[in-house]
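In what follows, chains carry the letters A, B, and so on, assigned in the order in which the sequence lines appear, proteins first and then strands, with residues in each chain numbered from 1.
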Amino acid sequence: MSLKTERRGIHVDQSELLCKKGCGYYGNPAWQGFCSKCWREEYQKARQKQIQDDWELAERLQREEEEAYASSQGAQAGPQSLTFSKFEEKKSNEKTRKVTTVKKFFTASTKSLPKKDIKEAKSPSPSLSRQYSLETDRVSKDFIEFLKTYQKAGHDVYKMSKIFLEAMYHKRESNIDEQSEFTQDFYQNTAEKLQMYWKVSPDKVEKVTDQIERFIMTRLYKHVFCPETTDDEKKDLTVQKRIRALHWVTPQMLCVPVNEDIAEVSDMVVKAITDIIEMDSKRIPRDKLACITRCSKHIFNAIKITKNEPASADDFLPTLIYIVLKANPPRLQSNIQYITRFCNPSRLMTGEDGYYFTNLCCAVAFIEKLDAQSLNLSEEEFSRYMSGQASPKKQDLENWPADTCPGVKQMHRNLDLLTQLSKRQEHIVNGAKKLEKDLIDWTDDVTKEVKDIVEKYPLNIKTASQALAALESENIEDDKLPPPLQPQVYAG
Amino acid sequence: MSGQRVDVKVVMLGKESVGKTSLVERYVHHRFLQGPYQNTIGAAFVAKTMYVEGRSLTLGIWDTAGSERYEAMSRIYYRGAKAAIVCYDLTDASSFERVKFWVNELQNFEEHCRIYICGTKSDLLENDKSLRQVDFHDVQDYAEEIKAHVCETSSKTGQSVDELFQKVAEDYVNFNSMQGPTEAKGVDLNQKQNSTLYSCCHH
């Protein structure tokens, strides 16, 4: 309300600028009229309240659900519902203390803070609230239903899961590795307890662990997938950019034994790509793994159809790399990190899903490190492709399927022409440079030749004149010679 | 979904085309692959259940890409492996040189992984002994040095293949029954430590 007046007019009464709490400091519209100190207090209060509120709501929902189930079960199986309601009693006894404090808090705060203020306070706060979507509800129903078949052990598992979730909630601000470790410990402890204490067979333990994972991870997903405290998002972008930059990599370069000209094979490739992209939309680590496994199975089929023999790892890994490059799956790094941190460890380490997941990790590592050598290219070619100066794809222009976009075809044709043009230009420039060099060389040669001749046969004008002079002097001396004999007549 | 539980992770290492896949195929499906066939879509991962001392045990056998271009990533593959079968081609000396690379890696990064050195294609030597490029005694000396198990196999005839995997399983069971209880105790202690640590955080 005060906010509105402040917005309406520029001229505000002095009193309206002060903190709403009346502490004497100035308020700020960004803090809803509070001063920074009071705002922080109010905000904390509202947030705390909201958190408690959500928990309370969640718990109530859960209880209602359970009661509904227990009563519906009660009609069919007496003893089971009995144990369940007992368990409920115990549980609500445990919570009584907390619930009353929450209620106190709730009533107190509604008095002190008008409703609108709470709403206002809510909007700027980071959405820490646990949103119970339909899916989450369904998952918890399924979980409870599933655990009923395990009777007492089921109750125990449920209790442990709830305690774990609460503990995780208190840890929400802490380091993701700590949260991951805590989750892994929980899986291990639960599995051990089931096996040792409740004497459940290993196969069933695996099933229960899967269900636990489903239950807890649907709830935790929002908080622990790509958390802000890590640089997962940055890494996602790096990988995405990297894959984009590698768009030119052909199956031949990776030695992929898949021939996409066969319709059935290209169909498999498309399916594999769809599966790997779909991974991002799943919330439970196990579902994400299932996407990877499905993608891998399609790859195996594609190889099998092409090669007419089953694929080995030597065929599979390059093809998976190729698929990842083609698909550029969203938030790849985040997904891998999330699975590694929160998946049921036994599945991840040994089983078939784990095998394909490991291959995916390998493929991503390969893409990150990929260089000219790993594609059997020369450094020069690699850098040319990377910088976009050349594209290996245009060579296949003739073999392209008929339904290729004409614009793309035209573009590649133009690219071809441009490449030819640039080649010819280069040729001309080289010719011109050669001519220039030849000219310079020629001039140099002539100069050198002349110089050599001049050095060899120095043109010494002085000596020449001396010689002349000498000749002349000789002549002079000639002058000095006695005059030629003249015939003389002797009397005789 | 492929939800089969696996007890032991066994990783196959070796240069390209030394016959890792054939070895697995021979062991799991008791056949040698020549030419086209239809039954399986891939032999990169197989889970095989076997019985050792009255107890069932499932081996998850991981095939790996042997090409050198993936060498840098091989560490991702053998993480958590309990056994590694490092293969080399008896008729190719260079493939044995690569065995040393993997053994070295395994010793440095996966110390709990037992190593099995496996020569392949021994059937080729039956007709022509001169094809042999890797001496058995050299391999044995090397294996003794690194405490590995050695064998020479043929996926074509099936020679020593079943024995190799049986040994892998038996070693795992024997080793675990010895190490099992102490290991469990160690884990328990850690957990207690952790829990006290966490409760500290709450206060």
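- By the ring-ring contact (aromatic ring centres under 6.0 Å, His included) test, A/Phe146 is found to be paired with A/Tyr150, residues two or more places apart in sequence or in another chain being considered.
- Heavy atoms only, all atoms of each residue included: B/Asp63 and A/Ser312 are closest at OD2-CB, 3.8 Å.
- Within the 4.5 angstrom heavy-atom criterion, only side-chain atoms of A/Lys369, from C-beta onward, approach chain B.
- Not counting sequence neighbours, B/Asp138 has no partner by the salt bridge (Lys or Arg N to Asp or Glu O under 4.0 Å) test.
- By the 30° and 60° cut-offs, the orientation of the rings of B/Tyr77 relative to A/Tyr355 is tilted.
- Scanning residues 112-123 of chain B against chain A with a 4.5 Å non-hydrogen threshold yields no residues.
- For chain B, the nearby part of A/Ile321 is the side chain; its heavy atoms alone come within less than 4.5 Å.
- No other option in A/Asn376, A/Asn359, A/Leu370 has as many heavy-atom pairs under 4.5 Å with chain B as A/Asn359.
- Residue B/Ala65 comes nearest to A/Leu317 through the heavy atom pair CB-CD2, 3.9 Å, listed as atom of the first residue, atom of the second, then distance.
- Taking each heavy atom of A/Cys362 and B/Ile76 in turn, the nearest pair found is CA-CD1, 4.0 Å.
- Summarising the geometry of A/Leu254 relative to B/Arg69, their closest heavy-atom pair is O-NH1, 3.3 Å, with the distance given to 0.1 Å.
- Nearest heavy-atom pair, B/Ala44 versus A/Ala313, reported as atom, atom and distance to 0.1 Å: CB-N, 4.2 Å.
- Nearest heavy atoms, B/Phe45 versus A/Gly351: CZ-C, 3.6 Å.
- Neither the backbone nor the side chain of A/Asp210 comes within less than 4.5 Å of any heavy atom of chain B.
- Proximity to chain A is limited to the side chain of B/Lys20, based on heavy atoms less than 4.5 angstrom apart.
- Taking the side-chain hydrogen bond (donor to acceptor under 3.5 Å, both in side chains) definition, one finds that B/Ser94 meets it with B/Lys15, B/Asp92, sequence neighbours left out.
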